[in-house]
Amino acid sequence: MENKLTIFLISHNRPQDAIRAVKSILAQNDQRFNLIISDNSSNQELTELISATYPHIQYRKRDSALTALAHFNLCISEVESDYFSLFHDDDLMLPNYVSSFWSAQNQFPNAIAYGGNALVEKNDHVIGVSFKAAADYEVINCPDDLAAKYFSRHQLGIAPFPSYIYRRSDTCSLMFDLHAGKYSDVQSLLQLADCGSFVWIKEPMMVYRMHGSNDSNVESFGDRLKFLAFLKRKGQTLSPIILLNYRRFIYKKYLSSR
(Lines give C-alpha, C1' and ligand atoms only; values in the text may rest on other atoms or scores of the structure.)
Protein backbone atom coordinates (compact mmCIF):
# COMPACT_ATOMS: atom_id res chain seq x y z
CA MET A 1 0.00 0.00 0.00
CA GLU A 2 1.34 3.41 -0.96
CA ASN A 3 2.64 5.52 1.95
CA LYS A 4 2.14 2.62 4.33
CA LEU A 5 3.10 3.13 7.94
CA THR A 6 5.32 0.62 9.76
CA ILE A 7 4.91 0.38 13.53
CA PHE A 8 7.87 -1.17 15.33
CA LEU A 9 6.91 -2.39 18.79
CA ILE A 10 10.17 -2.26 20.73
CA SER A 11 10.21 -4.85 23.52
CA HIS A 12 12.66 -5.91 26.21
CA ASN A 13 11.79 -8.32 29.03
CA ARG A 14 8.19 -7.16 29.45
CA PRO A 15 6.21 -9.92 27.73
CA GLN A 16 2.82 -9.25 29.33
CA ASP A 17 3.10 -5.51 28.72
CA ALA A 18 4.11 -6.22 25.13
CA ILE A 19 1.01 -8.37 24.58
CA ARG A 20 -1.18 -5.56 25.92
CA ALA A 21 0.54 -3.14 23.55
CA VAL A 22 0.02 -5.54 20.61
CA LYS A 23 -3.70 -5.76 21.38
CA SER A 24 -3.98 -1.97 21.45
CA ILE A 25 -2.18 -1.70 18.10
CA LEU A 26 -4.36 -4.32 16.43
CA ALA A 27 -7.48 -2.48 17.68
CA GLN A 28 -6.82 0.56 15.47
CA ASN A 29 -9.84 1.98 13.66
CA ASP A 30 -7.60 2.62 10.64
CA GLN A 31 -5.67 -0.42 9.46
CA ARG A 32 -3.27 1.39 7.13
CA PHE A 33 -0.16 0.13 8.88
CA ASN A 34 2.14 -2.84 9.20
CA LEU A 35 3.20 -4.11 12.65
CA ILE A 36 6.65 -5.54 13.41
CA ILE A 37 7.55 -6.72 16.90
CA SER A 38 11.23 -6.16 17.59
CA ASP A 39 12.32 -8.04 20.72
CA ASN A 40 15.76 -8.00 22.34
CA SER A 41 14.65 -9.76 25.52
CA SER A 42 17.11 -11.96 27.39
CA ASN A 43 14.53 -14.78 27.51
CA GLN A 44 12.06 -16.53 25.19
CA GLU A 45 8.80 -15.59 26.92
CA LEU A 46 7.58 -13.13 24.31
CA THR A 47 8.77 -15.38 21.50
CA GLU A 48 6.54 -18.17 22.80
CA LEU A 49 3.56 -15.88 23.46
CA ILE A 50 3.64 -14.38 19.97
CA SER A 51 4.08 -17.79 18.35
CA ALA A 52 1.06 -19.15 20.22
CA THR A 53 -1.22 -16.10 20.06
CA TYR A 54 -0.25 -13.96 17.06
CA PRO A 55 1.64 -16.20 14.62
CA HIS A 56 0.66 -13.96 11.69
CA ILE A 57 2.48 -10.89 13.08
CA GLN A 58 6.02 -10.18 11.94
CA TYR A 59 8.34 -10.95 14.85
CA ARG A 60 12.07 -10.26 14.90
CA LYS A 61 14.18 -11.67 17.71
CA ARG A 62 17.25 -9.51 18.36
CA ASP A 63 20.52 -9.96 20.21
CA SER A 64 19.80 -9.36 23.89
CA ALA A 65 23.10 -7.47 24.17
CA LEU A 66 21.67 -4.62 22.08
CA THR A 67 21.30 -1.40 24.02
CA ALA A 68 18.01 0.49 23.73
CA LEU A 69 19.57 3.09 21.42
CA ALA A 70 21.23 0.47 19.23
CA HIS A 71 17.88 -1.32 19.06
CA PHE A 72 16.22 1.87 17.81
CA ASN A 73 18.94 2.36 15.19
CA LEU A 74 18.60 -1.22 13.97
CA CYS A 75 14.87 -0.79 13.43
CA ILE A 76 15.39 2.52 11.63
CA SER A 77 17.89 0.84 9.30
CA GLU A 78 15.24 -1.74 8.33
CA VAL A 79 12.40 0.67 7.48
CA GLU A 80 11.02 0.22 3.96
CA SER A 81 7.75 2.15 4.23
CA ASP A 82 7.36 5.90 3.84
CA TYR A 83 6.56 6.38 7.53
CA PHE A 84 7.41 4.54 10.72
CA SER A 85 6.97 4.59 14.48
CA LEU A 86 9.15 3.27 17.33
CA PHE A 87 6.52 2.38 19.92
CA HIS A 88 7.39 1.13 23.41
CA ASP A 89 6.10 -2.09 24.92
CA ASP A 90 5.01 -0.47 28.20
CA ASP A 91 2.66 2.04 26.54
CA LEU A 92 -0.70 1.62 24.83
CA MET A 93 -2.15 2.98 21.60
CA LEU A 94 -5.58 4.52 21.60
CA PRO A 95 -7.77 3.34 18.68
CA ASN A 96 -7.25 6.64 16.82
CA TYR A 97 -3.42 6.57 16.79
CA VAL A 98 -3.15 5.64 13.11
CA SER A 99 -6.20 7.59 11.88
CA SER A 100 -5.07 10.77 13.66
CA PHE A 101 -1.66 10.47 12.06
CA TRP A 102 -3.05 10.02 8.54
CA SER A 103 -5.40 12.97 9.07
CA ALA A 104 -2.45 15.17 10.12
CA GLN A 105 -0.33 13.87 7.25
CA ASN A 106 -3.10 14.80 4.82
CA GLN A 107 -3.15 18.37 6.15
CA PHE A 108 0.65 18.72 6.56
CA PRO A 109 2.14 16.42 3.91
CA ASN A 110 5.57 18.06 4.03
CA ALA A 111 6.17 17.56 7.75
CA ILE A 112 8.94 15.11 8.57
CA ALA A 113 7.67 14.02 12.00
CA TYR A 114 4.33 13.89 13.80
CA GLY A 115 4.01 13.73 17.58
CA GLY A 116 0.79 12.89 19.36
CA ASN A 117 -0.67 13.90 22.67
CA ALA A 118 -1.07 11.21 25.32
CA LEU A 119 -3.17 10.35 28.31
CA VAL A 120 -0.70 10.06 31.19
CA GLU A 121 -1.42 7.08 33.41
CA LYS A 122 0.05 6.52 36.87
CA ASN A 123 -0.86 3.52 39.03
CA ASP A 124 -3.54 2.58 36.49
CA HIS A 125 -5.25 5.99 36.75
CA VAL A 126 -5.20 8.76 34.15
CA ILE A 127 -3.74 11.87 35.76
CA GLY A 128 -3.75 14.25 32.78
CA VAL A 129 -2.48 14.79 29.27
CA SER A 130 1.09 15.08 28.08
CA PHE A 131 0.77 18.58 26.62
CA LYS A 132 -1.77 21.37 26.34
CA ALA A 133 -2.41 23.32 23.16
CA ALA A 134 -4.93 25.88 21.96
CA ALA A 135 -5.14 24.62 18.38
CA ASP A 136 -5.69 21.11 17.00
CA TYR A 137 -2.15 21.13 15.59
CA GLU A 138 1.08 22.72 16.80
CA VAL A 139 3.62 23.25 14.00
CA ILE A 140 7.30 23.27 15.01
CA ASN A 141 9.46 24.82 12.31
CA CYS A 142 12.99 24.71 13.73
CA PRO A 143 15.11 23.39 16.60
CA ASP A 144 14.51 26.59 18.58
CA ASP A 145 10.75 26.00 18.48
CA LEU A 146 11.19 22.42 19.68
CA ALA A 147 13.69 23.26 22.43
CA ALA A 148 11.34 25.96 23.74
CA LYS A 149 8.64 23.30 24.15
CA TYR A 150 10.97 21.40 26.47
CA PHE A 151 12.86 24.06 28.40
CA SER A 152 11.07 27.40 28.39
CA ARG A 153 9.89 28.73 31.73
CA HIS A 154 6.23 28.41 30.84
CA GLN A 155 6.21 25.28 28.68
CA LEU A 156 2.90 23.39 28.54
CA GLY A 157 4.22 19.86 28.09
CA ILE A 158 5.62 17.79 25.25
CA ALA A 159 4.63 15.11 22.79
CA PRO A 160 6.04 11.92 24.36
CA PHE A 161 8.81 10.26 22.40
CA PRO A 162 6.94 6.95 21.75
CA SER A 163 4.12 8.87 20.08
CA TYR A 164 6.27 10.08 17.18
CA ILE A 165 5.81 8.96 13.59
CA TYR A 166 8.64 9.80 11.20
CA ARG A 167 9.04 10.17 7.46
CA ARG A 168 11.64 7.63 6.32
CA SER A 169 13.35 9.93 3.82
CA ASP A 170 14.67 12.04 6.72
CA THR A 171 15.79 9.33 9.11
CA CYS A 172 19.50 9.88 8.45
CA SER A 173 19.26 12.73 10.95
CA LEU A 174 17.35 10.62 13.48
CA MET A 175 19.96 7.93 14.17
CA PHE A 176 20.77 7.90 17.86
CA ASP A 177 24.17 8.76 19.27
CA LEU A 178 25.02 5.67 21.33
CA HIS A 179 27.11 7.74 23.74
CA ALA A 180 24.66 10.59 24.29
CA GLY A 181 23.11 9.18 27.45
CA LYS A 182 19.51 8.93 28.52
CA TYR A 183 18.48 12.26 26.95
CA SER A 184 19.53 11.13 23.50
CA ASP A 185 15.89 11.14 22.37
CA VAL A 186 15.66 14.94 22.77
CA GLN A 187 19.09 15.33 21.15
CA SER A 188 18.04 13.29 18.14
CA LEU A 189 14.76 15.18 17.76
CA LEU A 190 16.59 18.51 17.85
CA GLN A 191 18.93 17.30 15.11
CA LEU A 192 15.99 16.07 13.06
CA ALA A 193 14.25 19.45 13.46
CA ASP A 194 17.03 20.96 11.34
CA CYS A 195 15.64 19.00 8.38
CA GLY A 196 12.02 20.13 8.39
CA SER A 197 8.89 20.85 10.37
CA PHE A 198 7.20 18.75 13.05
CA VAL A 199 3.47 18.59 13.73
CA TRP A 200 2.13 17.93 17.22
CA ILE A 201 -1.41 16.58 17.32
CA LYS A 202 -3.54 17.87 20.20
CA GLU A 203 -5.86 14.86 20.28
CA PRO A 204 -4.54 12.10 22.59
CA MET A 205 -3.33 9.15 20.52
CA MET A 206 -1.79 6.91 23.16
CA VAL A 207 -1.56 6.12 26.86
CA TYR A 208 1.82 6.95 28.36
CA ARG A 209 2.18 4.68 31.36
CA MET A 210 4.26 5.85 34.32
CA HIS A 211 5.59 3.06 36.51
CA GLY A 212 8.52 2.12 38.67
CA SER A 213 10.76 0.93 35.85
CA ASN A 214 10.39 4.05 33.67
CA ASP A 215 13.84 5.32 32.81
CA SER A 216 12.50 8.86 33.05
CA ASN A 217 11.89 8.37 36.78
CA VAL A 218 15.64 8.40 37.43
CA GLU A 219 17.45 11.70 37.04
CA SER A 220 21.04 11.68 35.70
CA PHE A 221 22.92 14.94 36.09
CA GLY A 222 25.90 13.46 34.27
CA ASP A 223 23.70 12.90 31.24
CA ARG A 224 22.13 16.34 31.70
CA LEU A 225 25.62 17.81 31.41
CA LYS A 226 26.26 15.72 28.29
CA PHE A 227 23.14 17.22 26.80
CA LEU A 228 24.25 20.71 27.82
CA ALA A 229 27.53 20.09 25.96
CA PHE A 230 25.48 19.07 22.90
CA LEU A 231 23.50 22.32 23.08
CA LYS A 232 26.75 24.29 23.28
CA ARG A 233 28.11 22.50 20.20
CA LYS A 234 24.84 23.27 18.43
CA GLY A 235 25.05 26.93 19.44
CA GLN A 236 25.23 28.22 15.87
CA THR A 237 21.74 26.92 15.11
CA LEU A 238 20.12 27.59 18.48
CA SER A 239 19.39 31.01 19.97
CA PRO A 240 21.27 31.96 23.19
CA ILE A 241 18.01 31.99 25.15
CA ILE A 242 17.70 28.21 24.65
CA LEU A 243 21.00 27.60 26.41
CA LEU A 244 20.02 29.98 29.20
CA ASN A 245 16.64 28.32 29.64
CA TYR A 246 18.23 24.87 29.76
CA ARG A 247 20.70 25.95 32.43
CA ARG A 248 17.76 27.20 34.50
CA PHE A 249 15.95 23.95 33.78
CA ILE A 250 18.72 21.70 35.08
CA TYR A 251 19.30 23.99 38.07
CA LYS A 252 15.62 23.63 38.99
CA LYS A 253 15.93 19.85 38.54
CA TYR A 254 18.96 19.83 40.81
CA LEU A 255 17.22 21.81 43.55
CA SER A 256 14.12 19.58 43.44
CA SER A 257 16.28 16.45 43.70
CA ARG A 258 18.06 17.87 46.74
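All residue numbers refer to positions in the sequence shown, counting from 1.
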Item to complete: Mark yes when over 12 heavy atoms from residues, nucleotides or ligands other than His56 sit less than 6.0 Å from its NE2; otherwise mark no.
Response: yes
Discussion item. Starting from Leu92, can I reach Tyr208 by hopping between I/L/V/M/F/W/Y residues whose side chains sit under 4.5 Å apart?
Written reply: no
Fill in: Gln107 and Tyr137 side chains, donor-acceptor separation under 3.5 Å
yes
Practice prompt. Show your working on side-chain hydrogen bond (donor to acceptor under 3.5 Å, both in side chains) between Trp102 and Tyr83 and close with a plain yes or no.
Written response: CA-CA 10 Å; Trp102 283 120; Tyr83 295 93; over 6 Å; no
Worksheet item: So does Arg168 pair up with Glu80, basic N to acidic O under 4.0 Å?
Response: no
Discussion item. I'd like to know if the side chain of Ser163 and the backbone of Gly116 have a donor-acceptor N/O pair within less than 3.5 Å.
Written reply: yes
Worksheet item: Parallel, tilted or perpendicular for Phe84 and Phe8, by the 30°/60° rule?
Response: perpendicular
Item to complete: Check whether any side-chain heavy atom of Trp200 sits under 4.5 Å from a side-chain heavy atom of Tyr164, and report yes or no.
Response: yes
Worksheet item: Hey, any chance Ile158 and Val186 share a hydrophobic cluster, counting ILVMFWY side chains that come within less than 4.5 Å of each other, even indirectly?
Response: yes
Worksheet item: Got a salt bridge between Arg14 and Asp90, using NZ or NE/NH1/NH2 to carboxylate O under 4.0 Å?
Response: yes
Worksheet entry | Worked verdict on Glu78 versus Arg62 for salt bridge (Lys or Arg N to Asp or Glu O under 4.0 Å) | CA-CA 13 Å; Glu78 295 176 347; Arg62 313 296 195 176; 2.7 Å; yes
Worksheet item: Counting heavy atoms not belonging to Lys132, are there more than 12 under 6.0 Å from its NZ?
Response: no
Discussion item. A side-chain contact here means heavy atoms from C-beta on lying under 4.5 Å apart; do Ser42 and Asn13 qualify?
Written reply: yes
Discussion item. Within the structure provided, determine whether Ile25 and Val98 are in side-chain contact (heavy-atom separation under 4.5 Å).
Written reply: no
Worksheet entry | Whether Phe72 and Phe176 hold their rings parallel, tilted or perpendicular, with breakpoints at 30° and 60° | tilted
Worksheet item: Do the charged groups of Arg209 and Asp91 touch, with an N to O distance under 4.0 Å?
Response: no
